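Here the structure is a predicted model, which is why all the values come from computation and not from measurement. All ligand and atom numbering here is 1-based and tracks the order in the structure.
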Amino acid sequence: MLRAREAVRNLPTYHPPLGGRTGLRLDFNENTVGCSPRVLEKLRRIDFEDLARYPEREPVEAVVASHLGVQAEELLLTNGVDEAIHLLCESYLEPSDEVCVVIPTFSMYEIFAKATGARVVSIPAEENFAFPLQSIRQKITPATRLIVIANPNNPTGAAAGVDDLQTVAESAPNAALLIDEAYFEFHGETLLREWTNRPNIFVARTFSKAYGLAGLRVGILCGHREQMETVRRAASPYNVNSVALTCLPEALAEGEYLRGYVQQVLEGRARLQTELERLGIHYWPSRANFVLMRLGDLNSVFSRGMRERGILVRDRSRDYGCQGCVRITLGSTKHTDRLLDALRDVLKEIGALTQEVRL
Ligand SMILES: Cc1ncc(COP(=O)(O)O)c(C=O)c1O
């Protein structure tokens with residue numbers, strides 16, 4: 001009988017809860033109003049010629065590289081950050097290697113790492129999900145070949161400082177350090193170009209979140225040119241489809257649209273956090289386009305109440321240290337207005353508010 005590799009047979013099946021997502025989707029950290037009109041216009045003009053040809057990645061990589069202020073050889077466009085993670089695992093990991101991840105975090109790191117047969121070393125975040133710099137340093141061994149850090153982290157919204165991340169890179173010069181900046185636009189700090197000083201640093205970005213292009217599947221992996229030359233060998237030359245490639249320059253050109261959306265998210269994040277404070281609901285201050293809050297036993301009844309009002313939120317109870325927690329994505333101002341109305345309503349209905357809180 002045909003049998004897959006043991007490492008793959010042992011993987012759990014990952015089913016993101018994508019079914020029946022009708023309503024206001026505040027459950028996957030997507031852009032709630034979608035991509036810019038300029039991208040939509042370009043999409044409408046795509047013709048059979050564009051689709052009949054194999055996609056040519058390099059010219060668009062040059063545009064993206066210049067937008068980011070890096071060299072084209074330092075950048076690879078990927079099929080979402082997911083593929084960037086996959087490629088790094090494929091490029092660097094042997095079955096005897098170790099991969100460090102801080103938990104809780106984005107689940108694909110563990111899945112792709114384990115699929116290679118490498119051992120995943122999970123390092124719990126500190127109190128209040130603070131970055132566990134000392135624990136990471138203690139866990140680095142000669143077998144450590146990859147360290148992945150989402151910054152800001154998902155699902156907590158916590159961010160590590162640039163200095164701490166540089167310290168990690170310095171502490172493990174024989175390991176690739178991937179800083180996953182999927183939520184960069186909502187945070188503003190980056191390790192981009194740091195690989196000139198520390199060539200083991202890689203940075204990933206995505207068009208799935210702030211840019212509203214999750215369905216097109218485009219991400220960016222950047223790093224030192226020598227390392228990227230190797231990683232590129234493991235990638236398909238056609239990993240990013242032609243529709244996505246056609247749209248990217250348009251998405252980048254419309255900076256005004258992106259800035260306007262990000263501004264709304266940041267204001268919405270501040271409003272939600274202020275409201276949770278006032279209502280006495282525990283939450284963790286976030287640097288991303290979502291906020292994690294703890295409702296304890298009322299978690300699932302809260303999510304249900306929100307769904308009944310047409311708003312989807314994400315139960316994160318299964319993540320390490322997130323028992324009873326819900327993650328809520330922020331979107332446009334209009335959507336934050338709707339979220340806050342429903343949130344107050346549901347919290348009151350399920351008895352989550354103390355007597356003193358007046359609505
Ligand atoms: C930290 C992090 N990295 C990567 C991704 C996935 O990005 P992409 O859609 O580019 O594969 C997500 C999506 O939720 C994420 O939270």
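- Judged by distance alone, the side chains of Ser171 and Arg137 do bring a donor and an acceptor atom under 3.5 Å apart.
- Leu276 and Leu343 make their closest contact through CD2-CD2, 4.1 Å (heavy atoms, listed as atom of the first residue, atom of the second, distance).
- Between Pro104 and Pro155, some side-chain heavy-atom pair lies under the 4.5 Å cut-off.
- Within the 4.5 Å cutoff, the side chain of His335 has heavy atoms near those of the Val33 side chain.
- No part of Glu83 comes within 4.0 Å of ligand 1, judged by heavy-atom distances.
- Close approach of ligand 1 to Ser208 (heavy-atom distance below 4.0 Å) involves ligand atoms 8 (P), 9 (O), 10 (O).
- The atoms of ligand 1 that sit less than 4.0 Å from any heavy atom of Arg217 are 8 (P), 9 (O), 11 (O).
- Of the protein's heavy atoms, Phe106 CZ, 3.4 Å lies nearest to atom 5 (C) of ligand 1.
- At the top of the distance list for atom 10 (O) of ligand 1, counting protein heavy atoms only, stands Thr206 OG1, 2.5 Å.
- Under 4.0 angstrom from ligand 1, the non-hydrogen atoms of Lys209 all belong to its side chain.
- The two residues Asn239 and Asn79 make their nearest non-hydrogen contact at O-ND2, 2.9 Å.
- A 6.0 Å sphere centred on CZ of Arg307 holds no more than 12 heavy atoms belonging to other residues, nucleotides or ligands.
- Considering only non-hydrogen atoms, atom 16 (O) of ligand 1 lies nearest to Tyr183 out of Tyr183, Phe207, Phe290.
- The ring of Phe106 has its center no closer than 6.0 angstrom to the ring center of Tyr183.
- When heavy-atom distances to ligand 1 are checked against a 4.0 Å cut-off, Val81 comes that close through both its backbone and its side chain.
- Contact of the Leu292 side chain with the Ser286 side chain is not registered, since no non-hydrogen atoms from C-beta on lie closer than 4.5 Å.
- Of all atoms in ligand 1, numbered sequentially from 1 with element shown, those under 4.0 Å from a heavy atom of Asn154 are 14 (O), 15 (C), 16 (O).
- Heavy-atom contacts of Tyr109 reach the following atoms of ligand 1: 1 (C) (cutoff under 4.0 Å).
- Ligand 1 places these atoms under 4.0 Å from at least one heavy atom of Asp180: 1 (C), 2 (C), 3 (N), 4 (C).
- The 12-atom threshold is not exceeded at CD of Glu226, counting heavy atoms of other residues, nucleotides or ligands nearer than 6.0 Å.
- Taking a cut-off of under 4.0 Å to the non-hydrogen atoms of Asp82, the atoms of ligand 1 that pass are 6 (C), 11 (O).
- At a heavy-atom cutoff of 4.0 Å, ligand 1 is contacted by no atom of Tyr211, backbone or side chain.
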